[in-house]
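A short write-up of the structure that comes next.
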Amino acid sequence: MSTAEPSVFSRIVAREIPATIVAETERLIAIEDIAPKAPVHVLVIPKTEAYANVVELAAGDPGLLAELVAMAEGIAADRADGQFRLVFNTGESAGQTVFHVHAHVLAGDLQEGTLAA
Ligand code: 5GP
């Protein structure tokens with residue numbers, strides 16, 4: 001039996017923690033980042049927490065990664081001009097704080113300093 005606590009994103013998927021939901025499909029959820037770093041800053045998150053980061057997701061379910069990219073594109077088209085930066089922090093020293101894979105969709109008049117999310 002696993003004793004691991006569900007991730008913060010699993011708790012959002014389960015509606016145990018509130019979030020502003022931007023889009024949702026059977027396998028993905030998109031929410032507003034709680035600490036936005038750009039005019040559009042949305043997290044696109046696979047509902048499964050089986051993959052800790054994008055490397056694991058690409059290896060384990062490339063179709064789900066493609067779905068994630070398509071959702072990111074749709075969000076950037078709806079909320080900005082369709083152009084966007086897609087950031088996957090991978091590893092603690094790269095700034096990853098939640099080890100349940102998620103993409104940052106950054107869009108809308110990005111400044112030079114918005115490389116990181
Ligand atoms: P990471 O640092 O792992 O790449 O990204 C985690 C992101 O999740 C951060 O940008 C952080 O602001 C966001 N975040 C952490 N906890 C919550 C939460 O409870 N709700 C929402 N909406 N975003 C969160």
Side-chain angles (χ1 to χ4, degrees):
M1 189 184 90
S2 169
T3 55
E5 293 292 318
S7 73
V8 64
F9 296 148
S10 289
R11 297 190 66 203
I12 286 171
V13 169
R15 307 308 201 258
E16 291 170 11
I17 295 176
T20 303
I21 297 171
V22 170
E24 187 167 14
T25 63
E26 195 185 332
R27 301 216 289 167
L28 295 169
I29 192 165
I31 61 170
E32 302 268 15
D33 196 292
I34 204 167
K37 303 278 199 314
V40 175
H41 187 171
V42 171
L43 302 173
V44 183
I45 308 162
K47 289 182 175 177
T48 174
E49 61 175 59
Y51 308 108
N53 60 51
V54 69
V55 176
E56 291 185 8
L57 177 61
D61 194 341
L64 183 54
L65 177 57
E67 284 178 37
L68 183 157
V69 172
M71 182 177 278
E73 182 191 29
I75 290 164
D78 285 349
R79 303 192 151 216
D81 61 1
Q83 300 177 26
F84 60 102
R85 187 169 293 156
L86 196 60
V87 174
F88 292 91
N89 294 326
T90 305
E92 221 169 312
S93 65
Q96 187 174 5
T97 58
V98 181
F99 294 85
H100 171 159
V101 64
H102 56 281
H104 298 258
V105 183
L106 303 160
D109 196 22
L110 297 180
Q111 305 300 313
E112 285 288 314
T114 321
L115 274 173

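Indexing begins at 1, ligand by ligand and atom by atom, following the structure's order.
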What are the two closest heavy atoms between Ser7 and His100, and how far apart are they?
OG-ND1, 2.6 Å
N or O pair under 3.5 Å between His102 and ligand 1
yes
Heavy atoms only, cut-off 4.0 Å: how does Phe88 contact ligand 1, side chain, backbone, both, or neither?
neither
CG of Leu57 to CD of Glu67: how many Å apart, nearest 0.5 Å?
10.0 Å
For Leu43, take its heavy atoms, then give the atoms of ligand 1 lying under 4.0 Å from any of them.
8 (O), 13 (C)
Within less than 4.0 angstrom of ligand 1, does Ala19 place any heavy atom?
no
Looking only at distances, please establish whether an N/O atom of ligand 1 is found under 3.5 Å from an N/O atom of Gly95.
yes
What atoms of ligand 1 come within less than 4.0 Å of a heavy atom belonging to His104?
1 (P), 4 (O), 5 (O), 7 (C), 10 (O)
Closest non-hydrogen atoms of Asp33 and Pro36, given as atom of the first, atom of the second and distance, are O-CD, 3.5 Å
Would you please indicate yes or no on a ring centroid separation below 6.0 angstrom for His102 and His104?
yes
Within-shell test, Lys37 vs ligand 1, heavy atom, strictly < 4.0 Å
no
Where do Pro62 and Gly60 come nearest, in terms of heavy atoms and distance?
CD-C, 3.9 Å
What atoms of ligand 1 come closer than 4.0 angstrom to any heavy atom of Phe9?
8 (O)
Report the part of Val87 in contact with ligand 1, treating N, CA, C, O as backbone and CB onward as side chain, heavy atoms under 4.0 Å; options are side chain, backbone, both, neither.
neither
Heavy-atom closest pair (Glu56 atom, Ala50 atom, distance to 0.1 Å) is OE1-O, 3.9 Å
Can you list the ligand 1 atoms lying under 4.0 Å from a non-hydrogen atom of Ile12?
20 (N)
To the nearest 0.5 Å, how far apart are CZ in Arg27 and CD1 in Ile45?
15.5 Å
Keeping the roles fixed (side chain from Arg15, backbone from Val13), state whether a donor-acceptor pair exists under 3.5 Å.
yes
So between Ile34, Val98, Thr97, whose heavy atom ends up nearest atom 24 (C) of ligand 1?
Ile34
Taking heavy atoms and a distance under 4.0 Å, where does Ile31 meet ligand 1: side chain, backbone, both or neither?
side chain
Please list, in number order, the atoms of ligand 1 under 4.0 Å from a heavy atom of Val8.
19 (O)
Do ligand 1 and Gln96 have nitrogen or oxygen atoms that lie under 3.5 Å from each other?
no
Would you call Arg11 a ligand 1 contact, heavy-atom distance under 4.0 Å?
no
Mode of Thr20 contact toward ligand 1 - side chain, backbone, both, neither (heavy atoms, under 4.0 Å)
neither
Hey, is Lys47 close enough to Glu26 for a salt bridge, meaning N to O under 4.0 Å?
no
Between Ala94 and Asn89, the two heavy atoms sitting closest are O-OD1, 3.4 Å
